[in-house]
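I have placed the structure first, in the form of structure tokens, so that the comments after it can refer back to it.
The structure displayed is predicted, hence computed values, not measured ones. Sequence lines set the chain letters: A, B, ... in the order given, protein chains first and strands last, and positions in each chain run from 1. In what follows, every heavy atom counts, from backbone to side chain, and hydrogens, waters and symmetry copies are set aside.
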Amino acid sequence: MINKEIAKILYEMSILLEMKEVGFKPRAYEKAADSIESLAEDIGNIYKHGGLKALEDIPGVGPSIGEKIEEYIKTKQVKEYKKLKKEIPVDIEGLVSVEGIGPKTILRLYKKLGIKTRDQLEKAAAAGKLVKGGFGKKTQDNILKGISFLKKEHGRYLLGEIMPIAETILEKIRALPEVQSAEFGGSLRRMKETVGDLDFIAFSDKPAEVVEKFLKFSEVKSIYSKGRHKALVRLSIDIDADIWVLDPKSTGAALIGWTGDKQHNIALRTLAEKKGWMLNDYGLWRGKTLLASKTEEEVYKKLGMDWIPPELRENKGEIEAALEGKLPQLIGYDDIKGDLQVQTDWTDGRNSIEEMAKAAKELGHEYILITDHTKSLAMTGGSDEKRLVEQMAEIDKINLKFKNQNSKFKVLKGAEVNIMPDGTLDIDDETLAKLDIVGAAVHSKFNMSEKDMTARIKRAMENPNVDIIFHPTGRLIQKREAYKVDMDDLLKTAKRTKTVMEIDAFPDRLDLKDEYIRKAVEMGVKLSIDTDAHVLVHLQYLKYGIGQARRGWAEKKDIINTRSWQEMLKLLK
DNA sequence: GCCGTTTTCGGCCCGACTGTTTTCAGTCG
């Protein structure tokens, strides 16, 4: 994947151009960088298959940036970037990551003090050289503070890791007597797989008091800035959080402004402007006349479109769809009826089958599928054929217990069968045929070529016993890259063989990821959403998988486990 | 440099907060 490398170059070019006060180009480069960074497909592949023309189909990429991408693919460099960099040879990424430092400050630091790197900046600031160089004392202190925070910085956090803390804080805000309502904003509300900071938005007639009380929360470690309506703080778990408090009358407009990503908001505001109106965080306006502001629905409707679910607000076609009334009916957070990937103490899970089943029932599920590992995954004590048969008998007993208690809860028999490097499975077909549902997954030899890995998984899909491919790309967010596969080819094969692709809801997997989910949905491939639970509490991860499914435009009908188990089984091979 | 529900040329989102060049530019989201 060279997407990141290219995005970085384009992003740095946008900053270099901004330093030179070039008009409008910086935004164009930034937009292209953003767009490329969020592509699921390798941009090298896009170029290989469709050439320059395909590159120009990427939003924000036109002839000029297209050529630069082509140049990078062919020569591993971009001449114009090199030229700009020669003029201002500074470590942009390192400097711009310091809170409060932008293009203009970088330029001043370089011209006045010759500072090129974050290290040099830290040394200069610590020695008081910034003040001597014409900067203010406070600026110098803030830079030092910013750098010391960066050293402890974790970067982005996993959605599932941060959500419980965010929910606690949101509840505390909602409980304040001055607060009428409060919501998440930003990537948190969009359920993005990782979040960089936490955004809270509250509505109150007494904003300054709410801000003051928020600043006193035990979770707040230090304060970067505070005003009458806004504050930016560092939490004790070393993540930044924003709060914004305003008049309840602006609820809809403010939530829209604080939920959509930058590109979604720009698109909406541009659309308003085309109608001769103006959209800001307080409302939709014609001159000084307020047209809409109270609810999100009202504002979107006035703009001529349907309400857009938060998860879609990233300007990836949702605005066009909303204008045409063609948004998908997204799967809801309560639509899943059973969990299809659950490990137990028969292998590497912590709890028994019965404990897992009871916990799932408590959560309102109608069924679970038990999917312990199989024998070639030795470190988990994976089951062989004999042990699988024993486990099936155990499940029969548990189901009988439920029946005797007048419960309709059902434990289904399954396994997470290992796909060997050649694409065969480590359990014989005769045993697999006895299971209700078979999940298959890759757990070894991740570094095969794209061609071999694709062939390996396709061969597993061709097996008439294999119903679901678990965590289809094997990635661990921020830990391990996905193994290389031709996703188009896999999805085509899944469609033809009626194999289901899993959306694994475990916080560091979320695999398939959102872009691939959208592709699968477009191709009519069926999906399942499972937690991959190894302990009782993991069963609650389902919502993160549903969030990704929604980000991938999936509807209830696309997800097999939104059905009763009887209906679901009919859909399978 | 990109883009099109007024446009293939002429536009390009909007506002809060901070520090300080002290009347506003820079940064952030």
Side-chain angles (χ1 to χ4, degrees), chain A residues 10 13-15 17-19 21-35 55-69 80 95-109 112 130-131 133-143 146 185-188 195-201 207 211 223-232 240-246 250 253-254 256-285 303-305 315 319-320 322-324:
Chain A
L10 294 176
M13 283 183 80
S14 94
I15 292 188
L17 291 165
E18 181 128 26
M19 287 178 190
E21 310 215 312
V22 178
F24 303 107
K25 282 196 199 181
R27 259 197 50 205
Y29 276 90
E30 189 190 2
K31 202 174 165 181
D34 278 352
S35 169
L55 293 179
E56 288 181 30
D57 284 341
I58 300 167
V61 176
S64 174
I65 292 180
E67 262 177 36
K68 290 182 178 74
I69 297 170
E80 198 169 325
L95 290 169
V96 87
S97 59
V98 179
E99 182 85 15
I101 292 192
K104 298 291 165 59
T105 311
I106 293 177
L107 191 63
R108 264 181 83 200
L109 288 166
K112 290 212 165 174
L130 263 56
V131 171
F135 292 82
K137 173 87 169 68
K138 274 202 164 170
T139 304
Q140 179 170 282
D141 289 347
N142 281 342
I143 285 175
S187 47
L188 202 55
V195 296
D197 63 5
L198 309 183
D199 294 322
F200 301 99
I201 176 160
V211 171
I223 300 165
Y224 296 111
S225 71
K226 57 171 178 170
R228 292 188 56 251
H229 292 274
K230 275 186 180 180
L232 172 58
D240 293 343
D242 288 316
I243 188 167
W244 196 41
V245 191
L246 71 173
S250 310
I256 288 176
W258 261 42
T259 301
D261 77 348
K262 193 172 169 184
Q263 299 308 334
H264 178 88
N265 287 340
I266 289 176
L268 284 186
R269 288 170 180 183
T270 307
L271 194 73
E273 214 216 322
K274 297 265 159 67
K275 296 177 187 278
W277 303 339
M278 200 244 322
L279 175 66
N280 62 19
D281 294 331
Y282 304 95
L284 182 61
W285 308 82
L303 284 168
M305 59 181 89
N315 197 23
I319 290 173
E320 293 79 358
L323 284 167
E324 292 169 18

Handout entry: Salt bridge present between Arg269(A) and Asp281(A) (N-O < 4.0 angstrom)
Key = yes
Practice task
Using the P atoms only, state how far dG4(B) lies from dC13(B), rounded to an integer number of Å.
Solution key: 14 Å
Completion exercise
By side-chain contact (heavy atoms from CB on, under 4.5 Å), Lys274(A) pairs with (sequence neighbours left out) Thr270(A)
Handout entry: Upstream residue (5' side of DNA chain B) when Lys226(A) and Lys25(A) are each assigned their closest nucleotide
Key = Lys25(A)
Practice task
Take the protein atom CZ of Phe135(A) and the nucleotide atom C1' of dT20(B), then report the distance between them rounded to whole Å.
Solution key: 12 Å
Fill in the blank from the handout: Contacts of Thr139(A) and Arg228(A) projected onto DNA chain B by closest heavy atom; the upstream (5') one is Arg228(A)
Exercise for the section: State the pairing partner of dT8(B); accept Watson-Crick or G-U wobble contacts with both distances under 3.5 Å, and report none otherwise. Expected result: none
Practice task
Please report, rounded to the nearest Å, how far the C1' atom of dC13(B) is from the CH2 atom of Trp277(A).
Solution key: 17 Å
Exercise for the section: Using the P atom as the reference point in each nucleotide, state the distance between dT6(B) and dC2(B) in Å, no decimals. Expected result: 23 Å
Exercise for the section: Output yes when a side-chain donor or acceptor of Gln140(A) lies under 3.5 Å from a complementary backbone atom of Leu130(A), and no otherwise. Expected result: yes
Practice task
Provide the distance between the two P atoms, one in dT21(B) and one in dA25(B), to the nearest whole Å.
Solution key: 14 Å
Exercise for the section: Flag the pair Ile266(A) / Lys31(A) as yes when at least one side-chain heavy-atom distance between them is below 4.5 Å, and no otherwise. Expected result: no
Problem - Selected nucleotide, minimal atom distance to Tyr282(A) side chain, candidates dG15(B), dG19(B), dG1(B) - result: dG15(B)
Exercise for the section: Using atom CG of Asn142(A) as one end and atom P of dC17(B) as the other, report the distance to the nearest whole Å. Expected result: 16 Å
Exercise for the section: Report yes if the side chains of Asp199(A) and Leu188(A) come closer than 4.5 Å at any heavy-atom pair, otherwise no. Expected result: no
Practice task
For the residue pair Glu18(A) and Glu30(A), establish whether any side-chain heavy-atom pair is separated by less than 4.5 Å.
Solution key: no
Practice task
Round to a whole Å and report the spacing from CH2 of Trp285(A) to P of dC14(B).
Solution key: 14 Å
Fill in the blank from the handout: For Trp258(A), the ring-ring contact (aromatic ring centres under 6.0 Å, His included) test, sequence neighbours excluded, returns Trp244(A)
Exercise for the section: Rounded to the nearest angstrom, tell me the gap between atom CG in Asn280(A) and atom P in dA16(B). Expected result: 8 Å
Practice task
Would you mind building the protein contact string for nucleotides 2-12 of chain B? One character per nucleotide, 5' to 3', B for base within reach (heavy atoms under 4.0 Å), S for sugar-phosphate only, - for untouched.
Solution key: SS--BB----B
Handout entry: Per-nucleotide protein contact string for nucleotides 21-29 of chain B (B base, S sugar-phosphate only, - none; heavy atom under 4.0 Å)
Key = B----SSSS
Exercise for the section: Report the residues that fulfil side-chain contact (heavy atoms from CB on, under 4.5 Å) with Val211(A), sequence neighbours left out, ordered by chain and then residue number. Expected result: Leu215(A), Ala231(A), Val245(A)
Handout entry: Torsion-based syn/anti label for dT7(B), 90° from 0 as limit
Key = syn
Practice task
Answer whether the closest heavy-atom distance between the side chains of Leu109(A) and Ile101(A) falls below 4.5 Å.
Solution key: yes
Exercise for the section: Output all residues satisfying ring-ring contact (aromatic ring centres under 6.0 Å, His included) with Tyr224(A), sequence neighbours left out; order by chain, then residue number. Expected result: Phe149(A)
Handout entry: Gap in Å between the two P atoms, one belonging to dG26(B) and one to dT20(B), rounded
Key = 14 Å
Fill in the blank from the handout: Atom CG of Leu246(A) and atom C1' of dC17(B) are separated, to the nearest Å, by 15 Å
Problem - Spacing of the C1' atoms in dT5(B) and dT23(B) (rounded, Å) - result: 41 Å
Problem - Whole-Å C1' distance, dT8(B) and dG1(B) - result: 14 Å
